[in-house]
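One structure is given here, and the rest of the page talks about it.
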Amino acid sequence: MFKRILIANRGEIALRVIRTAREMGIECVTVFSEADREALHTRMGHYAVPLGGFLPNESYLVAEKILQAAKDTGAEAIHPGYGFLSENATFARAVMDAGLAWIGPPPRAIEVMGDKIESRRAMQEAGVPLVPGMTEPAEDAAAAERAAAEIGLPVALKAAAGGGGKGIRIVREASEIASAFRTASGEAQSAFGDGRLYVERYVDNPRHIEIQVMFDQHGNGIHLGERECSIQRRHQKLLEETPAVVLDEALRQEMGEVALRAGRAVDYEGAGTVEFLFSKGEFFFLEMNTRLQVEHPITEMVTGLDLVRDQLLVAAGEPLERTQADVKMVGHAIEVRINAEDVRAGFLPSTGTIKNLRLPGGPWVRVDSCMFRGLEVGLNYDPMLAKIIVWGPDRGVAIARMKRALEELNVGGVRTSATAAMAVLDEEVFLSGDYDTHFLEGLDRSKMIGPEGELVAALAAVHRHHAAKRRALGTDTGERAGWLARSRETTSDHRRRAARHGGANA
Amino acid sequence: MKYFVEVDGAERVVELTERLGKLTVTVDGTPVEVDYEDVDALGQVLVLSGGKSFGASIEGDANELVVTIAGHAYDVEIEDERERAANAAERASNKGGGLVKSVMPGVVVDLLVEVGQEVTAGQPLLILEAMKMQNEIDAPTAGVVREVHVTKGEAIRGGAKLVLIETPSEE
């Protein structure tokens, strides 16, 4: 096993990897941007290497800096987390060329699965079911219009090099294709440096159900059941659960077998996720995410496994510790993503400094979070701040537990997606389990208002009254000292930040 | 002291009366018990009301607050009588125009109109990228572009002025 690994990521996923590595007696090298100097991942590893810069393309996306950090610290392997360089085959190859182990699948598997068109071809050959669509990407809007006429509306426009919901548009009217192509292609160009899109049939009332797989380097592979990820908005997931209400054991095993076939077709190694579009008992291959997923903890909760541990073992060349028959799923797990966004303003990004923080606890509640009091939430990085994961013996208990956990959660200073998740957990359609990927978009945002308006109005007035009085009188010396200390701290924080920004610009 | 408090868009009138150090509160004329305890001087407060306990947190300044209770975040805007009068006067003097503001922070990746250009309602004015998603910002009304406040590539904050559209007069 490795003695020391480098984690080429930030936020909660960097912490997630550090935790398992520590449990396995592996030392962790973290890397951090200038903006993340105070971040939890910078503080929780054994070694920390500054990358400089504020933006991802000045720091976490710069392969040379990360490889140099690994070399300087004597790390033997690199764990990419998710996002950033995790699905970058060139980087994976560079890691291996530098004589380090890549904690992820072979570069060729990343390449094939990362290219929508190539992956469709490979899946077709492997006998994995696909949604009807074009096999060549559309270069321009006119080509997309022609393709749509052939396939039939509605269609989805998807980035050839895409992922994470970027560069995707759904078009129901032929007249909207040109405008949709323009924005989606622009997004794809800026996110992936490749503006080509392909066109495929859009399946109505779809569910997004994915299968977790794990392969070792010796040809063994197992699947670890499904995750139901249909609660999403603009293809960004909010809440995930397992098991999926619509799957029975036979269908689960069938999808699991197909997912394994998909992985074997590209000689997969390590942890991966095969995403399917599920509609009325049918399922179609969407894509394979060649990395650990954000929502992997719900699989861990029902299987009792640690997927990062398996990733590390497999990358070190060990065989899988279990066979398919050893995998048992018990109970029900739900995850809610706590994103910095203003739900009522239409899920727009929310920025600010986290001033108050209370995290949920208690039985069967897991919190994977990068939040701390004083964390500045900006626009430089992904808005996900934390994940709340709960387990219960059945779905009903898990839902009640998640509601309880979200009621305990208090993130003051930025708005979070918890508001939307609480509304979801109250909806009859969600409780019945009969929902699809359109459910969240259609959710009435006016319902996402708390019931204590009257008390809050009174409290706000009283709070203002007390604050004004405290300022005016300044009699209580203890409190006054507190106020002064805080304002001094704020000022010096400000100066330090200003100096740093100035330094970056110079 | 009388306060006009808007909670999630619904306005309530809150009246505070302090007599012999004891504060009484009414909301729209109805007495509401608010036993207020500042827990940490950082925004965590305990409220006891009618025997019920509420652990709340409060962030913001004198006029705009966010109050969080049991997982719900409440948007609060608060004015006292004096501020209300001043704000009303300001609003009256400010003529309504077609000023398009950004509802989110982001980067202007493309500017599609220029000063003097005629636009129709719904016509894209610019493309704003936030969180790696590109959003078309459309003209709310037909008219003529009078001012453009941003340039291509510029990073803007939420609420920033983008484009001023002058609507044709109805004479």
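Proteins come first, then strands; the chains are lettered A, B, ... in the order of their sequence lines, and each starts at number 1. Since we're looking at a predicted model, the values are computed, not measured.
With a threshold of 4.5 angstrom between heavy atoms, A:Leu357 approaches chain B through N, CA, C or O but not through any side-chain atom. Only the backbone of A:Leu406 comes within less than 4.5 Å of a heavy atom in chain B; its side chain stays farther off. B:Glu6 does not touch chain A: none of its heavy atoms, backbone or side chain, sits under 4.5 Å away. With a threshold of 4.5 angstrom between heavy atoms, B:Glu136 approaches chain A through side-chain atoms but not through N, CA, C or O. If you measure heavy-atom distances from A:Ala458 to chain B, the contacts under 4.5 Å come from both the backbone and the side chain. For B:Ile58, the parts lying near chain A are the backbone and the side chain together; criterion is any non-hydrogen pair under 4.5 Å. A:Pro360 does not touch chain B: none of its heavy atoms, backbone or side chain, sits under 4.5 Å away. Heavy-atom distances place no part of B:Asp61 under 4.5 Å from chain A, backbone and side chain included. Only the side chain of B:Leu65 comes within contact range of chain A, with heavy atoms under 4.5 Å apart.
Within 6.0 Å of CD on B:Glu114 lie no more than 12 heavy atoms contributed by other residues, nucleotides or ligands. Heavy atoms of other residues, nucleotides or ligands lying less than 6.0 angstrom from CD of B:Glu118 number 12 at most.
There is a side-chain donor-acceptor pair under 3.5 Å between B:Ser57 and B:Glu59.
Side-chain N or O atoms of A:Thr183 include one that pairs as donor or acceptor with a backbone N or O of A:Ala180 at under 3.5 Å.
With respect to B:Leu125, the side-chain contact (heavy atoms from CB on, under 4.5 Å) criterion is satisfied by exactly one of B:Asp110, B:Leu111, B:Val119: B:Val119. Under the salt bridge (Lys or Arg N to Asp or Glu O under 4.0 Å) rule, A:Arg464 has a single partner from B:Glu79, B:Glu64, B:Glu83, which is B:Glu83.
Using a 4.5 Å cut-off on side-chain heavy atoms (C-beta onward), B:Val100 and B:Ile165 make contact. Two residues are said to be in side-chain contact when any heavy atoms from C-beta on lie closer than 4.5 Å; A:Leu359 and A:Leu409 meet this criterion.
The candidate from B:Thr68, B:Val107, B:Asp8 with the greatest count of non-hydrogen atom pairs under 4.5 Å with chain A is B:Asp8. Between chain A and the options B:Asp75, B:Thr30, B:Thr26, heavy-atom pairs under 4.5 Å are most frequent for B:Asp75. The most heavy-atom pairs under 4.5 Å with chain B, out of A:Arg415, A:Met448, A:Arg182, come from A:Arg415. Note on B:Asp80, B:Val13, B:Val109: by heavy-atom pairs under 4.5 Å with chain A, the leading option is B:Asp80. Chain A forms more heavy-atom pairs under 4.5 Å with one residue of B:Leu23, B:Asn63, B:Ile69 than with any other, namely B:Leu23. Between chain B and the residues A:Gly352, A:Gly412, A:Ala421, the largest count of heavy-atom pairs under 4.5 Å involves A:Gly412. Put simply, of A:Glu341, A:His463, A:His466, A:Met422, the one with the most heavy-atom pairs under 4.5 Å next to chain B is A:His463.
For the pair A:Arg10 and A:Tyr381, the cation-pi test (distance below 6.0 Å, angle within 45°) is passed.
Atom CZ in A:Arg373 sits 11.5 Å away from atom NZ in A:Lys355 (nearest 0.5 Å).
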